[in-house]
**Q** 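One structure, pasted below without further comment.
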Amino acid sequence: GIALTSNGYSHFVVNWDNETGVDYNVRFRQQGTASWSTFTDFSGIISLNKTPCSFYEVQVQSVCDGVPGPWSSSLTVPTLGCGDDHCYAYGNSFDNWIERVALANLSNPSGNGYGHSDFTPQSASLQKGQSYTITLDPDESTNATANLVYWRVWADFNGDADFNDAGEQIVSKTSGVTAPTTANFTVPAAALTGQVRMRVAMSTEGYPTPCQVNGRSDVEDYSLNLSAPAPTLTVTPNSLTFQATGGTQGINITANNSWSISIPAGSQSWLSASPGTGSGSSSQIICQPNPSPQGRSATIVVNSSGINR
């Protein structure tokens, strides 16, 4: 019998029981259309560049001693991709394809996805404002003739379901047809916190575009989990010394989040900070004159996102 082996956004693989000495023809069409695409002398079929979120009819015909028999009843084959909020992108990757993608904690030896693979359940965890290296590994069939592949990678950093915004194309380069290549990029500090889409595309016919369909290309979609960077806080100097006449001295603050300065309640009559909160790089500590011959001291605490200095 005829059976669906696998399917994706833009391809399906169909096989059937092959008998010795019998040849087979196969035909398919998109459901609702009249014209069939027919192929002779096949033992199974991998059909590419299909329309996502569609249905196709597939029929098989046996040929014995050169005499074709009747066509089988139709096997209805669905393609995937219904409900995807990003544009479709796919191609023909019979001869050249994306073999592996690696980024941070993600490493996926995917192999040939026949033009498009939905790997969005797999994700790389990245921090906003940080730089990363992505590794892209191509491969080819024994029939391939290309000697160069063109890579592009996009990340939907603002989560608006497209790859058109400034800074969302993060890789554009060429490589050999079987040698891994690497590229560096930085996640914008203003990127959305949460999960966004990353699209990897490779073509032998020039640089692909993010919504390109057909052509000699392969596309893989992944997820990125973007998080705020771990909080950092440094304060210098570690201590301040004032004369009895008082005065003002500055402290330097380096933090990637806002900060606040706490002064003990018992010292607030003679010690203050300006500003006491902020996101800048400095503050002034103001000490009032000391009317007493005895020294006085206080512990000032700078806090930022739970870090105290």
**Q** Answer whether the closest heavy-atom distance between the side chains of S283 and I261 falls below 4.5 Å.
**A**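 Yes, close enough: below the 4.5 Å cut-off.
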**Q** Grouping I, L, V, M, F, W and Y whenever their side-chain heavy atoms are under 4.5 Å apart, do V219 and V13 come out in a common cluster?
**A**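 No.
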**Q** Apply side chain to side chain donor-acceptor pair (under 3.5 Å) to K128 and S227, showing your working.
**A** CA-CA 6 Å; K128 298 191 296 184; S227 62; over 6 Å; no
**Q** Of the non-hydrogen atoms in N225 and S123, which two are nearest, and what is the gap between them?
**A** ND2-OG, 3.0 Å
**Q** Hydrophobic clustering (ILVMFWY, side-chain heavy atoms < 4.5 Å, transitive) - are L192 and F163 grouped together?
**A** no
**Q** Grouping I, L, V, M, F, W and Y whenever their side-chain heavy atoms are under 4.5 Å apart, do Y9 and Y222 come out in a common cluster?
**A** no
**Q** Holding to side-chain hydrogen bond (donor to acceptor under 3.5 Å, both in side chains), I want the full list of residues that pass it with N96, two or more places apart in sequence or in another chain.
**A** none
**Q** If we count only N and O atoms by modelled type, under 3.5 Å, do the side chains of T186 and S131 hold a donor and an acceptor together?
**A**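 Per modelled atom types, T186 and S131 side chains form a pair under 3.5 Å.
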**Q** Quick check: are there more than 12 heavy atoms from other residues, nucleotides or ligands sitting under 6.0 Å from CG of N308?
**A**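 Yes, enclosed.
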**Q** What do you reckon, are the aromatic ring centroids of H116 and Y90 less than 6.0 Å apart?
**A** no
**Q** More than 12 foreign heavy atoms under 6.0 Å from CZ of R216: is that the case here?
**A** no
**Q** Taking only residues two or more places apart in sequence or in another chain, which ones pass disulfide bond (SG atoms under 2.5 Å apart) with C64?
**A**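 Scan of C64 (disulfide bond (SG atoms under 2.5 Å apart), adjacent residues dropped) gives none.
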**Q** Under the side chain to side chain donor-acceptor pair (under 3.5 Å) rule, what do T40 and N25 come out as? Steps first, then yes or no, please.
**A** CA-CA 4 Å; T40 59; N25 302 329; 4.8 Å; no
**Q** Quickly, which of D221, D160, D162 forms a salt bridge (Lys or Arg N to Asp or Glu O under 4.0 Å) with R197? Name it, please.
**A** D221
**Q** Tell me whether the guanidinium CZ or amine NZ of R199 lies under 6.0 angstrom from the six-membered ring centre of W154 and within 45° of its axis.
**A**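 The answer is no, since R199 fails at least one limit relative to W154.
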**Q** Might you work through the side chain to side chain contact (heavy atoms under 4.5 Å, CB included) test for L271 and Q288, ending with a clear yes or no?
**A** CA-CA 6 Å; L271 197 62; Q288 302 299 323; over 6 Å; no
**Q** Tell me, do W270 and P289 make a side-chain contact under 4.5 Å, heavy atoms counted?
**A**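 Not in contact.
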**Q** Between F39 and F28, is the gap from one ring center to the other below 6.0 Å?
**A** yes
**Q** Looking at every heavy atom in both H11 and S6, which two are closest together, and how far apart are they?
**A**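 Smallest heavy-atom distance, with atoms named: NE2-OG, 3.8 Å.
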**Q** I need the minimum non-hydrogen distance between A124 and L106, along with the two atoms involved.
**A**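 Looking at all heavy atoms of both residues, the closest pair is CB-CB, 3.9 Å.
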**Q** Only one of S74, S73, S72 clears side chain to side chain donor-acceptor pair (under 3.5 Å) with Q59; which?
**A**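 Exactly one candidate clears the test, S74.
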**Q** Over all heavy atoms of both residues, which pair between F94 and N92 is shortest? Give the atoms and the distance, please.
**A** N-OD1, 3.0 Å
**Q** Can you establish whether the number of heavy atoms outside D85 located under 6.0 Å from its atom CG is more than 12?
**A** yes
**Q** May I ask whether V22 and W16 are part of the same hydrophobic cluster, defined by side-chain heavy atoms of I, L, V, M, F, W, Y residues being less than 4.5 angstrom apart, directly or through others?
**A**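 Yes, one cluster joins them.
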**Q** Might you point out which heavy atoms bring I98 and W151 nearest each other, and give the distance in Å?
**A** CG1-CZ3, 3.9 Å
**Q** What pair of heavy atoms forms the shortest contact from E140 to A144, and how long is it?
**A** OE1-CB, 3.4 Å
**Q** Transitively linked via ILVMFWY side-chain contacts under 4.5 Å: V77 with Y114?
**A**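 No; Y114 is not reachable from V77 via cluster members.
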**Q** Atom CD of Q284 and atom OG of S272: how far apart are they, to the nearest 0.5 Å?
**A**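 The OG atom of S272 is 10.5 Å from CD of Q284, to the nearest 0.5 Å.
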